[in-house]
Structures are given as structure tokens and as C-alpha cells.
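Reading through the C-alpha cells given below for one structure.
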Amino acid sequence: MMGLDVVATLRDAWGLFRRDRSLLLRLAAPFLFWPAFALGLLVPAPPLPETDGGEATARAMAWVDSVGAWAGQYGGWYFATYAIGLIGTAAILALQLSGGSVTVGEALARALKMMPRFLLAMILVALPVGAGMLLYILPGLYVAGRLLLVGPVLFAEQRMAAMAALTRSVVLTRGAGLSMAALASFIYLGGMLAAQPFLALIAVVEGDGGGNPVALALLQGGAAAVAMAAGLAQALIAVAAYRRLVNRAA
């Protein structure tokens, strides 16, 4: 079975953005940009493990305790940002896979109706992808690629359970695993690399004294813009790949 043309798929996704740019940005800004921007400004990042001083096991236990305390205080805000972002992603998918012309409001209404199933599906996707990324990044990217079509499947092939959507994505991407992994690499690694300059500058500006608030706001805005672009790219690339693979299977 033939694989998927990665360059053509990326070109298709760019074409979707150019065609519907105004509608897409009206969904991406409130759901993908502003929550990430607010989170970066108002919520401290998770604590990093200590590299100096004391025995390694003691340092590890102290870090686990500090992460637990941080999660208890701030974890809810991170989950809220994640959930709001999923609403925006779902609305983008609904807009692109409606089968006809829909307004932003109609796409958002359909996204909210599908949200419980979509949220469950995304959590089910995150578990194996996260495990693969922790073990070694390449297996994580491969799994992410094979499950990239879960969102489009839920919106294009209605009345499908979350787990069934995962299975359907794996079936559709059979024979195109490496191509899908390449698309996942473009999304995940591209987003990470694009965000690194902003994150590095934020760390420098913050220093030990909090830093200049205007400079920090600008840098956090840049990081949030990258996160929005990555989320939008993921949705559009998933739609473009889904359409190509469905046509291939027909």
C-alpha cells in the first residue's frame, strides 16, 4: 500500500489556512492564544529537578514532592487551559469537516456538543503518545502520527465512540506510518523548536528578580503565538491527511 505524500499534505493544510484564514483565526485566538498567554503570565512553571547538592535519591524525592505541591496549587489551571484549547481545536475540525459552509458559531456549537467524546479521545491519545515520548522520542512520534486522525474521524464519521476513533485512525494510516510520523515530527518538534528562543529569553529576563514585566509580556505573547500556530497546524494537517487517506482507501 502506498504511503502518504508528506509535502503535498502540508501544501493542502496551508491551502486550507489560506482559504479560511479569517474564520480560523477567530477560533484560534480566543481558544488557543489567550489561555496560553494568560497561563504564561500568571501561573508559575512546574519546578525543575535540582542538579547540585545532596544525594541523588534525596534530590529526586524532594523534586517529586515539589511537583506534587505545585500540581495541587496550579494543576487545575493547566488542565483548564488544555480543555479550552481542545474546544478551539474541536471547533476548527468542525469548521473544516462540516460537509458544507458553516459559521464560526455553528462550528463552536458542534464542538461543544461533541466535547465529552472528543476530550475522552484526546486523553486516550495522550496516554500512549506521552509514554512513547518518555521512553524515546521516535516511538512517541510514530504513535502520534498513527493517532493523528482521531479528531477528524470523530467529526467526519459521526456516532463513533472514542476508542473506535483510535482504531479507525490506526486502520486509515496503515502503510503510511512513516509519513504520519514525519507529519507528527513537523508539528511537535517544529512547535518545540519555534518556542525555544522565547522560553530561553523568558528565563534570562526573569533572572532572580522577576524581570521587566513589559518584556516578559511580549515574550510570553510570542510563546503563546507559537503554541497557537502549532495547535492550528496540527488540526489542519490532520484534516488534510485524513482526506488524502480516506480517498486512498476508497
Side-chain angles (χ1 to χ4, degrees), residues 12-13 15-17 19-39 75-130 144-173 180 183-184 187 224 227-247 249-250:
D12 290 349
L16 293 175
F17 176 75
R19 186 191 70 188
D20 298 327
R21 177 171 49 206
S22 176
L23 296 176
L24 291 168
L25 291 177
R26 286 166 63 187
L27 286 169
F31 292 99
L32 299 179
F33 174 80
W34 287 112
F37 183 44
L39 191 73
W77 294 108
Y78 272 76
F79 181 78
T81 301
Y82 174 72
I84 292 170
L86 285 184
I87 294 173
T89 300
I92 291 168
L93 293 173
L95 182 72
Q96 294 296 318
L97 295 164
S98 62
S101 178
V102 297
T103 66
V104 168
E106 290 168 341
L108 187 55
R110 188 177 176 206
L112 291 172
K113 183 178 179 180
M114 288 278 291
M115 201 57 207
R117 197 186 323 168
F118 186 72
L119 177 60
L120 175 59
M122 292 301 101
I123 291 174
L124 292 175
V125 168
L127 293 175
V129 171
R146 295 299 301 271
L147 298 178
L148 186 61
L149 307 186
V150 170
V153 164
L154 284 174
F155 281 91
E157 305 175 18
Q158 300 182 37
R159 300 188 181 279
M160 183 174 292
M163 185 58 73
L166 270 71
T167 302
R168 174 67 171 154
S169 180
V170 171
V171 170
L172 282 172
T173 57
M180 296 303 297
L183 291 174
I187 296 165
M228 180 186 74
L232 185 54
Q234 180 172 350
L236 295 179
I237 290 171
V239 169
Y242 172 78
R243 287 175 173 164
R244 281 185 168 267
L245 291 173
V246 165
N247 289 336

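This structure is a prediction, so every number in the text was calculated from the model and none was measured.
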For a quick test of reading the model, state the closest non-hydrogen atom pair linking [X] to [Y] and the distance between them.
X      : Y      : result
Arg146 : Val170 : NH2-O, 2.7 Å
Leu149 : Ala238 : CD2-O, 3.6 Å
Ala94  : Ala107 : CB-O, 3.7 Å
Ala184 : Gly145 : CB-N, 3.8 Å
Ala111 : Ala91  : CB-N, 3.4 Å
Met160 : Ala164 : CG-CB, 3.6 Å

*Got a donor-acceptor contact below 3.5 angstrom from the Ser169 side chain to the Ala165 backbone?*
no
Output the distance between atom [atom1] ([X]) and atom [atom2] ([Y]), rounded to the nearest 0.5 Å.
X      : Y      : atom1 : atom2 : value
Asp20  : Leu95  : CG    : CG    : 5.5 Å
Leu25  : Phe17  : CG    : CZ    : 4.5 Å
Leu147 : Leu172 : CG    : CG    : 11.5 Å
Leu24  : Arg19  : CG    : CZ    : 8.5 Å
Ile92  : Leu97  : CD1   : CG    : 11.5 Å
Tyr82  : Thr89  : OH    : OG1   : 9.0 Å

_Contact list for residues 230-242, test side chain to side chain donor-acceptor pair (under 3.5 Å), sequence neighbours left out_ = Glu157-Tyr242
Enumerate the salt bridge (charged side-chain N to carboxylate O under 4.0 Å, His left out) contacts for [range], please, sequence neighbours excluded, ordered by first and then second residue.
range            : value
residues 234-246 : Asp12-Arg244
residues 30-39   : none
residues 117-129 : none

_Any Leu148 side-chain heavy atom under 4.5 Å of Ile187 side chain_ = yes
*Is there side-chain contact between Leu93 and Met114, with at least one heavy-atom pair below 4.5 Å?*
no
*Residues in ring pair (Phe, Tyr, Trp, His ring centres under 6.0 Å) with Phe118, at least two apart?*
Phe155
*Looking at residues at least two apart in the chain, or sitting in another chain, which of them share a salt bridge (Lys or Arg N to Asp or Glu O under 4.0 Å) with Arg110?*
none
